[in-house]
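Read through the structure below, which is laid out as structure tokens, and then see the notes.
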Amino acid sequence: LRADHILLLWLIILSLIFQFVCVGGSPNRMKAFAQFMHKELGLEGDAKDMSDICAGTDRYSMYKVGPVLSISHGMGVPSISIMLHELIKLLHHAKCCDVTIIRIGTSGGLGIEPGSVVITDIAVDSFFKPQFEQVILDNVVVRSTELDQDLANELLKCSREIEDFPTLIGHTMCTDDFYEGQGRLDGALCSFSNEKKLEYLKRAYDAGVRNIEMESTVFAAMCRLCGLKAAVVCVTLLDRLEGDQITASHEVLVEYQRRPQQLISMFIKKHLGLWNQTELLDKELV
Ligand code: R2B
Ligand code: URA
């Protein structure tokens, strides 16, 4: 092998290291996702021994499972934006191209059954605008928050093969606050009536918003600018038109949070050519 061939080989190997990056708020959930993917991809070794690549820092947790990186990003725009800057530099230096990045998270639903999975077409701000405002020096720079529509449609198609829970495509509203910012009346401060709250949430619904969370706008804007194919897939823990508090039991919430993971696992396995094999195996076992 000539030196330039070896170099080319290395670049190909490096670029195959991470094909899929999955991010989500909670370190525990992203560890559970990594362990789940380990099983789903049929990898060798004990998933329980999986170690956090970023142990020793409190910034985020990171697990590598075959071609999948699973990373936690904490709560809110500032937290995920720090992680994304550092992750995107890592992907650049590792010469990873053609990476698909998916945020799997939780959210409050709007007018849909709790436990539904929403695939975001466009992330919108609290004024239902498809944009993210980044203050740079003392300028407000407005960035688009459109996500990859082909990827969203492909994920929806995958979801049609899982009949256990409803999945839909809709706008996702991203806020900087869980309480007043999401029109909740159960925080420490409440400065508006129930009537005003419902009027706002219904306007959001009419604008196409189907769920509310706290990271999608900056995630969509940064991934778009950096050329990463990105998707946001969040389960809804409650219907905000029905109330503010998350009252489902712990067991139900744990099961809800597995739903986006199941969908993404199916998507990844299909891309790796592993889905039909599993299907065949399942059929043979029946
Ligand atoms: C969903 O849940 C968190 C708030 O509880 C936040 O990170 C989000 O986007
Ligand atoms: N996460 C949110 O940001 N809002 C909710 O209502 C539930 C989860």
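For the numbers below, each heavy atom of this structure counts, side chains included, while hydrogens, waters and symmetry mates do not. For ligands, and for the atoms within them, numbers begin at 1 and follow the listed sequence. Everything numeric in this text was worked out from a predicted model, so none of it was measured. One-based numbering along the sequence shown.
Within 6.0 Å of atom NE2 in His92, 12 or fewer heavy atoms from other residues, nucleotides or ligands are found, so the atom counts as exposed in its surroundings.
Within the structure, the closest approach of Leu238 to ligand 2 falls below 4.0 Å when heavy atoms are considered.
Near Glu213, meaning under 4.0 Å from any of its heavy atoms, are these atoms of ligand 1: 9 (O). Within ligand 2, the atoms closer than 4.0 Å to a non-hydrogen atom of Ile212 are 2 (C), 3 (O), 4 (N), numbered from 1 in the order shown. Atoms of ligand 2 lying under 4.0 Å from at least one heavy atom of Ser107, given by number and element, are 1 (N), 5 (C), 7 (C), 8 (C). Every atom of ligand 1 is numbered from 1 in the order shown, and the set under 4.0 Å from a heavy atom of Arg103 is 9 (O). For ligand 2 and Gln182, the ligand atoms under 4.0 Å from any heavy atom of the residue are 2 (C), 3 (O), 4 (N), 5 (C), 6 (O). Taking every heavy atom of Glu215 and a limit of under 4.0 angstrom, the matching atoms of ligand 1 come to 6 (C), 7 (O), 8 (C), 9 (O).
Closest to atom 3 (C) of ligand 1 among all protein heavy atoms lies Met75 SD, 3.9 Å. Thr106 O, 3.2 Å is the protein heavy atom nearest to atom 1 (C) of ligand 1. Nearest protein neighbour of atom 5 (O) of ligand 1, counting heavy atoms only, is Phe178 CE1, 3.5 Å. Counting only heavy atoms of the protein, atom 5 (C) of ligand 2 lies nearest to Gly108 N, 3.3 Å.
Summarising the geometry of Tyr60 relative to Cys54, their closest heavy-atom pair is O-CB, 3.2 Å, with the distance given to 0.1 Å. Scanning all heavy atoms of the two residues, the minimum distance from Asp239 to Gly111 falls at OD1-N, 2.9 Å. Residues Pro67 and Leu41 approach most closely at CD-CD1, 4.1 Å, considering heavy atoms.
Salt-bridge check for Arg259 with Glu255: passed, with a basic side-chain N closer than 4.0 Å to an acidic carboxylate O.
Side-chain contact check for Ser191 and Glu180: at least one donor-acceptor pair (N or O, by modelled atom type) lies under 3.5 Å.
With a 4.5 Å cut-off on side-chain heavy atoms, His85 and Met222 count as touching. Ile264 has its side chain within reach of Leu155: a pair of non-hydrogen atoms, C-beta onward, lies under 4.5 Å apart.
The side chain of Arg184, and not its backbone, has at least one atom closer than 4.0 Å to an atom of ligand 2 (non-hydrogen atoms only; side chain from C-beta on).
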